[in-house]
Amino acid sequence: MSRLQKFCNSMLGKITHFILIFTFLTIAMVTSIVYFIEKNELLNQAKIESDMRLENIANKVNAKLNIAKTLAQTLASTAHLLGSDHQYNSELIMSVMSNKSNDSFIAGGGIWPEPFSLNKSKERDSYFFGRDAKNQLVFVNDYNKKDTKGYHQEEWYVPVKLLKKNTFYWSKSYTDPYTFQPMVTISVPIYINKTFFGISTVDVKLNALDNILSQESRKVDGFAFIIDRNDKFISYPSEYIKTDDGVSVLMLKDFLKSNSYFKPISDAIDKIVEKNLSNFNKDDKDYADALREQSYQIDDNDANSIVAMSKGNDNIQNIYIENFLKAGADYLVVLKTLPSHWKIGMATSHDLIFSKRALILQVIVYSILFSMLLVGFIGYFFLHKNIVQPILDIVYQLTHSPTEYTLIDTNDKGELKTLVDSLNHRTKLLQQSSEELVVATRVKDEFLASMSHEIRTPITAIDGFVEVLKKEETDSKKKQHLAIISKSSDSLMLIVNDILDFSNLDSGNVKLNNTCIIPTDMFEELSLLFYEKAKEKKIYINLKVDENVPHGVIGDSIRIKQIVGNLLDNAIKFSTSDSEVLLNINYDLLKKSLHVTVKDYGIGIKFENRDKVFEPFNQEDTSTTRKYGGTGLGLSISKNLAKLMNGDLILGFDNSRGSEFILVIPAVECKVKVAEKLETVINTELDYDNLKLNGKILLVEDNSTNQLFVSMLLEDVDIEVEIVSNGKVAVDVYKQNKYDLILMDENMPIMNGIEATRLILEYEKENSLTHTPIVALTANALKGDREKFLDAGMDEYISKPINKKTFYSTIKHFLDK
């Protein structure tokens with residue numbers, strides 16, 4: 001470890017770090033407060049100034065547009081002077097249009113009568129004058145040709161027919177087909193004797209607007225732009241650009257493709273449009289429909305924007321976009337809506353905004369920095385002398401003492417002296433306890449080793465001779481005595497094993513052997529092991545395996561069986577007769593963990609004794625120990641084994657009526673290797689000794705132990721049984737054979753029981769066959785499972801582990817039909 005690393009890890013280094021961090025954090029905090037106060041004040045001032053600049057630009061733009069508006073109204077007012085003389089009409093309109101001061105701004109204009117309104121013999125008789133290559137106004141007759149669509153269907157014509165008298169309409173911006181310049185047209189309705197006669201138009205060159213925006217934006221080291229009501233740029237937020245095809249008018253969405261920085265402004269414009277469209281009523285929708293029907297150039301978006309423009313925009317306030325980034329520079333952007341529903345925007349550079357107060361802010365920051373550094377140096381030397389150095393002396397004594405139990409000393413008279421005295425006292429006690437622990441551990445190990453040897457030796461002999469006598473003895477009473485001896489021997493061995501397991505867990509000598517196991521098979525076999533013991537007390541073990549439990553998981557099957565077996569043994573021991581023990585298996589897909597719940601309805605656990613049940617050598621109370629026996633180690637061992645598997649064993653909350661224990665252990669899914677399974681021979685005393693049934697049953701079951709057990713039950717009552725291992729095979733053999741009843745498992749490889757039932761029922765229906773009853777025989781026994789199987793088309797439901805009375809009565813019910 002380098003000297004720098006040692007210094008950083010030392011007390012002195014940590015105090016140094018603290019002082020430096022504290023100093024700079026304080027500087028940063030004070031500076032930030034000052035900065036944000038100044039920033040907010042400057043931003044508010046900048047907004048006011050930006051509003052004024054933007055209003056100035058808007059006034060200049062509107063002044064230009066008002067020229068066109070006035071000219072269009074003048075043309076409209078001269079319409080009643082038009083007659084049948086073409087020359088006279090042309091000169092009249094030319095006289096209105098001819099104004100040298102407007103040559104650079106006005107691109108053209110004219111009067112467009114309704115069909116047959118000016119000349120009863122001519123449908124189209126418009127007078128429009130546009131500028132030629134020499135910028136001279138010339139008559140343009142193209143719109144009057146019969147082989148073109150009528151001008152009265154154009155986008156700049158149709159909306160005007162629906163506007164009120166003395167109102168005007170601004171068209172979409174477009175590129176003039178003759179001059180290839182961006183333009184916009186203002187249209188004004190013409191009424192003669194209160195009857196709609198037609199419209200007058202004036203075409204405006206948009207290039208002049210660029211000059212206005214460029215001049216103003218340079219003043220604030222920023223940029224400005226105008227977008228028309230259809231999201232086309234009239235003036236761009238940078239140097240004048242053209243699209244790839246040479247067309248000067250560019251849509252906002254096209255501009256965004258290569259200028260993504262403009263997205264916040266685009267979003268703000270979308271909000272303006274949404275607000276304009278938010279108060280549409282039925283009349284507005286009818287107006288939009290009429291516009292689309294009368295003009296081939298107006299689509300849905302055009303119609304909506306035209307209606308919104310006609311409703312006005314007096315309530316739309318300016319929108320501000322702070323911290324707008326373009327090419328790494330920061331701007332404040334202000335958006336405003338013009339009466340023509342154009343959106344005009346101006347961006348002011350943040351550098352310009354904050355340059356006014358930058359010097360004041362620097363002075364404040366430098367003053368704070370100097371003051372904090374001075375305080376930091378003074379604090380460092382004070383802390384080093386009075387705190388760090390005495391602690392370093394103690395650390396040196398601890399790290400250089402010849403033994404672990406060496407006492408230390410200090411010259412400090414305050415809290416450090418008290419700390420050292422307390423530490424020395426604990427050192428003496430620790431030394432004494434350590435010596436006693438060594439002796440106690442040695443004695444315990446010697447005792448356990450001796451006890452294991454001395455007890456296991458006679459137990460082995462007892463078990464051996466008992467087995468010999470069992471084979472030779474014929475007297476039933478003596479056989480009963482031998483069974484008692486064998487059972488007592490097994491109980492004694494369980495006690496010895498509990499004590500040894502507890503000792504090994506306490507010493508850390510227990511190792512896990514994780515393999516890929518099949519949870520369903522493991523718990524079914526475990527419940528069968530306790531079948532006879534439960535039967536003696538007339539207790540029913542109800543095994544319920546949730547359908548989401550994987551076919552294979554990683555775990556130590558021996559230790560899991562040990563824990564759950566102990567819980568089942570306790571549940572049966574403390575249950576009353578004629579009750580049941582629930583064994584529920586679930587799987588948490590999110591946490592990849594197995595949940596095993598054992599619930600009985602026995603004597604229960606008092607609330608005040610909940611914390612004692614997992615303590616070693618302890619049961620709920622001494623009377624329980626005397627009545628039921630046991631070492632009191634089972635639950636303690638199970639708890640420790642669960643923790644060894646990174647899980648836990650939990651006592652359920654409500655244990656007033658019976659007890660509930662929940663085992664939670666991590667269990668990652670795995671693929672089980674195909675291998676032969678050991679078959680368990682089940683010797684079960686039948687409830688119905690004289691019961692005999694006739695019939696042939698198809699048993700669909702993938703577990704070999706269950707196959708053997710169920711087939712024994714069926715054969716004992718003279719029923720012929722055929723066994724298959726999955727739903728697919730069951731469907732195939734059903735199609736080739738006749739059965740009186742089908743016993744169907746649910747969780748099986750290849751095809752489950754519900755899917756097999758569906759295919760069998762479809763086959764019966766397609767071939768008009770008599771229905772063969774299907775009974776679900778499954779460990780899925782949660783609430784709602786019975787209804788699920790019946791809804792799937794099965795005729796009845798039997799849960800595992802099997803209750804023989806229910807099993808036989810159900811089969812008899814269907815075979816007797």
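All figures in this text were calculated on a predicted structure; none of them were measured in a lab.
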| task | Using only heavy-atom distances, determine whether the side chains of Asp51 and Tyr320 contain a donor-acceptor pair under 3.5 Å. | result |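 Side chains of Asp51 and Tyr320: pair found under 3.5 Å.
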
| field | Exercise: do Ser121 and Asn119 side chains pair donor with acceptor under 3.5 Å | value |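 Yes, a side-chain donor-acceptor pair sits under 3.5 Å.
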
| said: Working to the nearest 0.5 angstrom, can you tell me the gap between Ile111 CD1 and Leu92 CG? | reply: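 One finds 7.0 Å between CD1 of Ile111 and CG of Leu92.
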
Lys/Arg-Asp/Glu bridge criterion (N-O < 4.0 Å) met for [X], [Y]:
X      : Y      : value
Asp588 : Lys592 : no
Asp267 : Lys263 : yes
Lys172 : Asp228 : no
Lys735 : Glu764 : no
Lys788 : Asp791 : no
Glu755 : Arg758 : yes

| Think Lys205 forms a cation-pi with Phe105, using NZ or CZ under 6.0 Å from the six-ring centre and within 45 degrees of its axis? | no

| message | Exactly one of Glu155, Arg292, Glu154 should register a side-chain hydrogen bond (donor to acceptor under 3.5 Å, both in side chains) with Gln297. Which one does? | response | Glu154

| said: My understanding is that only one of Tyr169, Tyr174, Tyr157 makes a side-chain hydrogen bond (donor to acceptor under 3.5 Å, both in side chains) with Thr185; could you say which? | reply: Tyr174

